[in-house]
Amino acid sequence: MEKVKCECGHVNPYGTYLCESCGKPLLEDTSKLANMRYEGVARRSQTYRKTMVDKIWNFFSSVKVGIWIIVVILLASSLGTIFPQEMYIPPGQNPTVYYEQEYGILGKLYYQLGFHNLYRSWWYILLIASLGISLVICSLDRVVPLYRALKTQRVTRHEGFLKRQRLFLEVNSISNISEELTKAEKILKDRRYKVRKENGNILAEKGRFSRWGPYVNHIGLIIFLVGGMLRFFPGMYLDEYIWVREGEEEVINGTDGEYFLRNNEFIIDLYDEEEEEHYAEAIERAGGTIVRNYQTNATLLKRTNEGTVGSETELEEVKEAEIRVNQPLTFDGFSLYQVDYKLNELSTFTFRLESETVDDDLSDMEFVVNLNDPQKVYEFDNGYRIEIREYFPNFTFNENREPTTINRIPDNPAIVFEVFTPDMDPEEETGELSLIGIQMNEHLNPDGDAHDHTIRFTNAEMVDVTGLTVRKDNTLPFIIVGGIIFMIGLVQGSYWFHRRIWLQERDGILLVAGHANKNWHGLKKDFHYLSEHTEIDMPLDQTEAMTSEPDSQKGGE
């Protein structure tokens with residue numbers, strides 16, 4: 001499409017409504033006021049509409065489209081908080097059955113629609129990307145024409161441009177216009193206007209930088225979104241979870257096996273009604289129990305060898321820490337937050353082998369099974385051997401009535417033992433099989449096979465378990481910078497206003513015009529002050545004169 005050359009010599013892009021340089025109307029317009037939005041410069045979205053690229057550009061440049069994308073994102077985000085995300089359900093739980101079991105049909109629907117893993121779903125990421133694209137295109141579609149118009153504007157404006165401003169007046173009562181213009185120049189400078197002169201005419205302007213506020217705002221949002229999307233790239237964001245039992249060491253997820261944590265002790269402090277009488281009423285109202293502090297006394301360990309195959313991991317203590325709620329343990333960019341706990345989890349079972357039919361001495365045949373890491377074989381000095389054939393930490397039966405485990409947490413452990421006497425060959429023969437669990441002791445050998453030995457449960461030990469969130473966030477600098485830029489743009493566009501005053505002499509008549517992108521009251525006050533100290537009259541607000549006119553004759557920004 002051809003560009004449009006104004007009589008002032010400036011070449012304007014196709015579709016320009018007001019010449020970027022002199023302001024002369026380039027298109028037929030019957031309205032009394034000029035449309036000063038984007039200074040009358042045509043935007044690409046309003047000029048090119050034929051190709052597929054044009055249609056995509058026009059779609060994303062629409063403010064309405066951007067707002068709808070934000071609404072959909074907010075709606076989806078709020079729906080994603082109805083039930084916990086998959087990463088926050090109890091460890092070991094299968095999400096395919098967890099949501100339906102816990103929340104019924106709504107939970108099932110929640111899972112099937114993908115809200116259980118919302119922030120990593122492809123369609124949510126697509127929405128975020130669409131919002132970023134909308135912000136970029138929307139900004140470019142507006143900021144480029146605005147920059148061209150403000151950069152190229154001259155002091156001397158076309159008469160048609162001045163007459164179409166909202167504040168306008170022709171003053172023909174001044175005897176010495178040059179003298180009044182000199183006074184006006186000084187007054188406007190005193191009121192912090194930037195004054196430019198050309199052929200005796202004056203353009204006074206201030207607050208132009210506020211016009212860029214919305215676009216600075218957009219830049220901040222784009223950086224903020226980029227920071228949010230970087231969370232999906234490896235190494236940029238980590239949000240893991242670990243359970244550590246008292247007395248045990250666990251590798252810290254996300255550290256590539258470099259760091260370990262030892263749980264020395266987990267503590268829950270409660271408010272004491274007798275010692276702290278001023279809390280007595282609140283404690284009673286809460287049912288008698290109010291937690292003062294959740295705390296994990298831990299030791300951070302670091303691997304000192306490369307952990308080659310066959311070698312044991314060597315660890316050195318880095319530091320001791322007391323991890324409390326909102327008081328994380330931080331190291332090497334990682335933070336460990338106290339978020340959960342479990343009291344009295346089964347840790348070990350002690351068993352004893354007994355027999356009423358054999359003559360062997362079995363008095364000292366006790367053995368301890370670590371329920372979180374059981375040995376495969378227990379061998380004794382008298383030649384007996386006990387093997388664990390199957391271990392079910394959380395025992396249950398599946399749909400086929402076969403024994404299985406719900407998860408790896410020893411909430412309901414059951415073990416299949418196989419007992420070999422000294423005269424048996426474990427490689428060639430089958431020992432006595434028994435299924436031992438809580439309130440369960442069953443022989444499993446086929447009917448008719450003799451069972452001379454019984455494994456009896458004698459003792460159990462329990463430990464407390466602490467739940468910690470492992471977090472590392474390398475996207476925070478982007479999010480903070482984006483947020484700061486967003487706020488700068490918000491303040492820039494909200495607390496300053498772009499005002500312009502044109503004073504122009506034409507054949508002994510002074511043309512006075514003014515425009516503001518907002519806060520017209522402030523601009524009128526400046527004109528009042530100018531009229532009080534010069535012979536330049538206050539310009540008329542043409543919108544007030546148009547109130548009685550038909551809507552078709554109105555215009556302006």
Side-chain angles (χ1 to χ4, degrees), residues 90-94 97 101 243-250 263 342-465:
Q93 294 285 350
N94 187 345
V97 297
Q101 285 180 347
W243 289 91
V244 191
R245 297 174 178 83
E246 283 181 331
E248 293 188 356
E249 296 170 357
E250 287 287 340
N263 181 0
K342 184 179 180 182
L343 300 179
N344 302 322
E345 182 183 282
L346 289 170
S347 174
T348 61
F349 275 174
T350 302
F351 298 96
R352 183 173 64 241
L353 185 65
E354 297 178 350
S355 176
E356 297 180 353
T357 58
V358 300
D359 297 331
D360 298 332
D361 181 11
L362 306 180
S363 59
D364 59 347
M365 287 197 62
E366 278 197 347
F367 60 99
V368 178
V369 176
N370 184 337
L371 298 177
N372 294 295
D373 186 20
Q375 291 180 224
K376 183 67 177 174
V377 178
Y378 297 85
E379 293 182 306
F380 300 88
D381 294 339
N382 58 5
Y384 273 82
R385 174 188 176 96
I386 299 176
E387 292 186 5
I388 292 180
R389 289 281 294 269
E390 296 283 350
Y391 175 48
F392 308 100
N394 201 349
F395 179 76
T396 188
F397 288 100
N398 62 18
E399 297 175 349
N400 300 321
R401 299 301 300 167
E402 296 172 344
T404 184
T405 184
I406 298 173
N407 51 43
R408 302 304 301 172
I409 301 173
D411 288 333
N412 182 30
I415 307 170
V416 177
F417 288 108
E418 187 173 14
V419 179
F420 294 95
T421 57
D423 58 340
M424 296 180 69
D425 182 358
E427 299 293 333
E428 301 293 337
E429 299 176 84
T430 301
E432 296 176 9
L433 295 172
S434 301
L435 175 62
I436 315 293
I438 297 175
Q439 296 183 340
M440 180 171 56
N441 194 330
E442 298 178 8
H443 294 165
L444 300 181
N445 289 81
D447 293 341
D449 286 5
H451 245 279
D452 296 322
H453 300 84
T454 301
I455 297 176
R456 295 200 183 281
F457 167 81
T458 61
N459 193 21
E461 289 187 0
M462 292 177 282
V463 295
D464 296 336
V465 189

State, yes or no, whether a side-chain contact exists between [X] and [Y] at a heavy-atom distance under 4.5 Å.
X	Y	value
R245	S347	no
E248	N372	yes
K342	D411	yes
E379	V377	yes
I438	F457	no
F380	D364	no

Please report the closest heavy-atom contact between [X] and [Y], naming both atoms and the distance.
X	Y	result
D464	N263	O-ND2, 4.2 Å
H453	H443	O-NE2, 3.9 Å
M424	E429	CA-OE2, 3.4 Å
R408	T405	NH1-CG2, 4.2 Å
P374	Y391	CG-CD2, 3.7 Å
Y384	M365	CB-CE, 3.4 Å

Passing option when F392 is tested against P403, P413, P410 for side-chain contact (heavy atoms from CB on, under 4.5 Å): P403
Could you measure the distance from the [atom1] atom of [X] to the [atom2] atom of [Y]? Nearest 0.5 Å is fine.
X	Y	atom1	atom2	answer
E354	E366	CD	CD	9.0 Å
N412	N407	CG	CG	10.5 Å
R352	L362	CZ	CG	10.5 Å
L346	N370	CG	CG	11.5 Å
I406	N398	CD1	CG	11.5 Å
I388	I436	CD1	CD1	11.0 Å

Crowding at CG, D381 (>12 non-hydrogen neighbours, <6.0 Å): no
If you count heavy atoms of other groups shown closer than 6.0 angstrom to CD of E461, is the number above 12? no
Candidate pair E390 and L444, rule side chain to side chain contact (heavy atoms under 4.5 Å, CB included), full reasoning: CA-CA 12 Å; E390 296 283 350; L444 300 181; over 6 Å; no
Exactly one of K376, R389, R385 should register a salt bridge (charged side-chain N to carboxylate O under 4.0 Å, His left out) with E418. Which one does? R389
Whether the side chain of [X] engages the backbone of [Y] through a donor-acceptor N/O pair (distance < 3.5 Å, no angle test) should be reported.
X	Y	value
N344	M462	no
N441	S434	no
T350	T458	no

Please collect all ring pair (Phe, Tyr, Trp, His ring centres under 6.0 Å) contacts where either partner lies in residues 411-442, sequence neighbours excluded, each pair once. F351-F417, F367-F417
